[in-house]
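Worksheet for the structure shown next.
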Protein chains: 2
Amino acid sequence: MNASDDHRAIGAVSDATVARLPLFLQYLVELAEQGDASVSSERLAELSGVNPATVRRDLAGIGITGTRGVGYDVKYLVHEISVVLGLNQEWPVVIVGVGNLGRALANYDGLTSRGFPVRALVDVDDALLGTELAGVVIEHVRDLPAIVEREAIAVGVLATPSASAQQAADVLVESGVTSLLNFTPEAISVDADVQVRGVDLATELQILSFYQQRSTAARSGTGLPLETTT
Amino acid sequence: MNASDDHRAIGAVSDATVARLPLFLQYLVELAEQGDASVSSERLAELSGVNPATVRRDLAGIGITGTRGVGYDVKYLVHEISVVLGLNQEWPVVIVGVGNLGRALANYDGLTSRGFPVRALVDVDDALLGTELAGVVIEHVRDLPAIVEREAIAVGVLATPSASAQQAADVLVESGVTSLLNFTPEAISVDADVQVRGVDLATELQILSFYQQRSTAARSGTGLPLETTT
DNA sequence: TTCTGTGAAATAGTTCACAGCG
DNA sequence: CGCTGTGAACTATTTCACAGAA
């Protein structure tokens, strides 16, 4: 194992690699659970649907080294990737907006079990205040600064109506939260030092429909509607 | 590439472009609503956070042409991008699994309003059958083939427990659905002609935590050897 | 003039292919 | 042997920079 887990040259890791690490981690955890001690780049590549050389490059890129003729140590991989992704610590979460989506997220234990415990729920609806959901009492958005400090919140999840998303983001950022996960279709703008990722259902579906349309058209040999007769 | 690539206007659109089109569309709709008749690549680039040349290349790539000295016609852009993405038609959706997440999705009107009407809800829990949710009666998974045909379902949304995801996907594909949106953390495998996209909360959060950790380390100057990649 | 459309350069990412370690 | 680690080739994508249309 590496001598200095917390002082790694992570600045050089490419976006493409970072996007694949959670995928690798998922399979590695499965492999670890079923007792596999080591794994080859080929096996991990097969599971993840990428090229073996890509696996080896990714791992080399985050400073992980395997054993020639054998492969990589599964437990070591799990540990090192976790460290690189920052999963050796907890990132307490606040969910802003306790509508349908907020409730679904609060009840989803994949969050807490993976190191993102939902420590607070806030909403603007007075009727909800004091209600308990998934073991957490719903509080008012206006108390966010105190809540963020009290719970050491690291991540804000935006599950508000779109119209309130930017406002909610502003309050979160002012309260000191520097990572946001935005579930609204609204793009939000924040300072450069705040990390934002959006999960937009409509975007996903639109991309899906593009590829679906294309493969359907290809299969049926139909001419494609790009004749801009309009 | 090579000769067999043939005459396929849409087939030539790059993945990177496809991923940006929904983003452009979102801002273009806003611009249209506030009455802007035309937009420059620079303005659209600024809104979307990309390089103006990228905007122009993307648009040229899907056959859209602007007017030199002026810009692009907003309404025309909205229309053409919609056509390319396949949004000039509806894509009826079935949600498989009516737990917390399934309910949240069923109640989310961003789906229906953007051309992805939720036409069916299925589950394996007999207690739910016949219950109405968001105007749709919950049916049993076993009836999927008939449901898919009856409602001309184009997209299946997987909102089941992870353990059932693959099985649900299989049933959907057998029933004739060729686009899947997977909300479970489970990777699912299907035939090559089926489009799958996954929305995994844990993956998003892990990527977020990587970048958060990195920027925090950079700011506090903890001796992290951030390489200058230029 | 302003802003598109696009060669050409720069950069990023992937994959091949093989030397060499265990 | 088998499998990693990586130079080098290849492919994809971004960005510059500028000619030329409106």
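Labels below follow one simple rule: chain letters A, B, ... track the order of the sequence lines, proteins then strands, and each chain is numbered from 1.
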Out of [options], which nucleotide sits closest to the side chain of [X]?
{"X": "B:Ala16", "options": "D:dT13, D:dT6, C:dG5", "answer": "D:dT13"}
{"X": "B:Arg56", "options": "D:dT6, C:dT4, D:dT15", "answer": "C:dT4"}
{"X": "B:Arg68", "options": "C:dC18, C:dG22, D:dA21", "answer": "D:dA21"}
{"X": "A:Tyr72", "options": "C:dG22, C:dT6, D:dG5", "answer": "D:dG5"}

To the nearest 0.5 Å, what is the distance between CG (B:Asp15) and CZ (B:Arg20)?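 Between B:Asp15 CG and B:Arg20 CZ, I get 10.5 Å after rounding to 0.5 Å.
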Distance from A:Leu205 atom CG to B:Trp91 atom CH2, nearest 0.5 Å?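 Going from CG on A:Leu205 over to CH2 on B:Trp91, the span is 11.0 Å.
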Please determine, by modelled atom types, if A:Asn88 and A:Ser82 share a side-chain donor-acceptor pair under 3.5 angstrom.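 Not at all, the side chains of A:Asn88 and A:Ser82 share no donor-acceptor pair under 3.5 Å.
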What nucleic acid atoms does B:Thr17 come within less than 4.0 Å of, heavy atoms only: base, sugar-phosphate, or nothing?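 Nothing, no nucleic acid heavy atom in range.
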If we ignore hydrogens and angles and just use 3.5 Å, is the side chain of A:Gln213 paired with the main-chain N or O of B:Leu85 as donor and acceptor?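 Checked: no pair found.
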Mind running a 4.0 Å heavy-atom check of residues 19-48 of chain B against DNA chain D and sending the residues that fall below it, in number order?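 Going residue by residue through residues 19-48 of chain B, the ones with a heavy atom under 4.0 Å of DNA chain D turn out to be B:Arg20.
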Is any side-chain N or O of A:Arg57 under 3.5 Å from a base N or O of D:dG7, one able to act as donor and the other as acceptor?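 Flag set: donor-acceptor pair detected.
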C:dT6 P sits how many Å from B:Leu59 CG, rounded?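 About 12 Å, once rounded to whole Å.
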Rounded distance (Å) that lies between atom C1' of C:dA10 and atom CG of B:Asn51: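 About 13 Å, once rounded to whole Å.
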Tell me which of B:Ala53 and A:Val70 sits closer to the 5' end of DNA chain C, going by the nucleotide each one is nearest to.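 Nearest-nucleotide comparison on DNA chain C picks B:Ala53.
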Considering all heavy atoms, the nearest B:Arg197-A:Ile207 contact: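 Heavy-atom minimum between the residues: NH1-CG2, 3.3 Å.
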For D:dG5, does either OP1 or OP2 sit under 4.0 Å from a side-chain N or O belonging to A:Thr65?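 A:Thr65 to D:dG5 OP1/OP2: side-chain N or O found under 4.0 Å.
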